[in-house]
Amino acid sequence: MNPIMQIAAVCLQQERQQNEAFALMRLRDALLRLRVRAELRDNDSALMIPRPQVGLPVWVFVGYGGAFYSWQSAEKRHPINDVAGAAQVLADYVGR
């Protein structure tokens with residue numbers, strides 16, 4: 001790969017990561033409005049939602065080419081363009 005192609009690939013990767021981080025920030029804000037605590041983790045590449053009761057936290061990622069929020073080893077997912085719906089589903093999932 002020539003240097004120009006390498007730079008273009010790096011720029012595209014950075015843009016994708018930034019878009020995913022913004023999507024997770026929007027979800028975090030929607031969860032906070034539902035009074036569900038959530039924190040951005042791992043260089044803004046994941047959202048951690050602690051459970052209100054005993055249990056492991058839920059880790060949420062942006063997956064499937066940036067089209068879905070996913071959690072529980074990608075067994076659960078919700079479209080990224082429905083942030084409020086995703087927040088409600090996650091709030092129910094963590095037992096809030």
Side-chain angles (χ1 to χ4, degrees):
M1 185 182 306
N2 69 40
I4 294 173
M5 301 258 318
Q6 288 176 335
I7 292 170
V10 167
C11 288
L12 286 173
Q13 176 69 11
Q14 289 174 344
E15 183 179 346
R16 183 186 64 79
Q17 289 174 341
Q18 187 177 31
N19 290 340
E20 290 178 4
F22 287 145
L24 290 170
M25 287 180 210
R26 288 191 299 271
L27 180 58
R28 178 201 58 200
D29 294 345
L31 285 163
L32 291 174
R33 285 191 290 276
L34 295 174
R35 299 177 190 252
V36 175
R37 191 168 59 103
E39 307 173 10
L40 282 169
R41 303 295 293 259
D42 298 333
N43 298 328
D44 298 339
S45 65
L47 189 68
M48 185 192 72
I49 307 169
R51 293 184 185 267
Q53 304 299 323
V54 176
L56 295 172
V58 175
W59 289 88
V60 181
F61 303 89
V62 175
Y64 300 95
F68 290 91
Y69 294 111
S70 64
W71 63 97
Q72 192 179 327
S73 300
E75 290 178 17
K76 304 283 187 182
R77 63 180 179 248
H78 195 89
I80 203 167
N81 59 0
D82 179 19
V83 178
Q88 187 60 59
V89 168
L90 280 160
D92 295 342
Y93 184 77
V94 298
R96 184 79 173 144

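Follow the hydrophobic side-chain contacts under 4.5 Å out from Leu34 and you reach Val58 in the same cluster. Both Ile49 and Val89 are part of a single hydrophobic cluster, where members link through side-chain heavy atoms under 4.5 Å apart. Val36 and Ile80 fall within a single hydrophobic cluster, where Ile, Leu, Val, Met, Phe, Trp and Tyr side chains are chained together by heavy-atom contacts under 4.5 Å. Transitive grouping of hydrophobic side chains (ILVMFWY, heavy atoms separated by less than 4.5 Å) keeps Val83 and Phe68 in distinct clusters.
Side-chain N or O atoms of Tyr64 include none that pairs as donor or acceptor with a backbone N or O of Ser70 at under 3.5 Å.
Taking CZ of Arg33 as the reference point, atom CD of Gln88 lies at 12.0 Å (rounded to 0.5 Å). Within the model, atoms CZ of Phe22 and CG of Leu27 stand 15.0 Å from one another, a figure rounded to the nearest 0.5 Å. Leu24 contributes atom CG, which lies 11.0 Å from atom CG of Asn19 (distance to the nearest 0.5 angstrom). Rounding to the nearest 0.5 Å places CD of Glu20 at 8.0 Å from OG of Ser45. Atom-to-atom distance recorded for Lys76:NZ and Trp71:CH2 is 8.0 Å, nearest 0.5 angstrom. Distance check, rounded to the nearest 0.5 Å: CZ of Arg77 to OH of Tyr69 gives 15.5 Å.
Enclosure of atom CZ in Arg51 by more than 12 non-hydrogen atoms of other residues, nucleotides or ligands within 6.0 angstrom is indicated. Counted within 6.0 Å of CD on Gln53, heavy atoms from surrounding residues, nucleotides or ligands total 12 or fewer; the atom is thus considered open. No more than 12 heavy atoms of other residues, nucleotides or ligands lie within 6.0 Å of CG in Asn43, so this atom counts as exposed by the packing criterion.
Of all non-hydrogen atoms in Pro57 and Pro50, the two that sit nearest each other are CB-CA, 4.0 Å.
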side-chain contact (heavy atoms from CB on, under 4.5 Å) between Arg28 and Leu32, worked out: CA-CA 6 Å; Arg28 178 201 58 200; Leu32 291 174; 4.2 Å; yes
Verdict with reasoning, Leu90 to His78, per side-chain contact (heavy atoms from CB on, under 4.5 Å): CA-CA 9 Å; Leu90 280 160; His78 195 89; over 6 Å; no
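Ring geometry for Phe61 against Trp59 counts as parallel: the plane angle stays under 30°, on a 0 to 90° scale with 60° as the upper cut.
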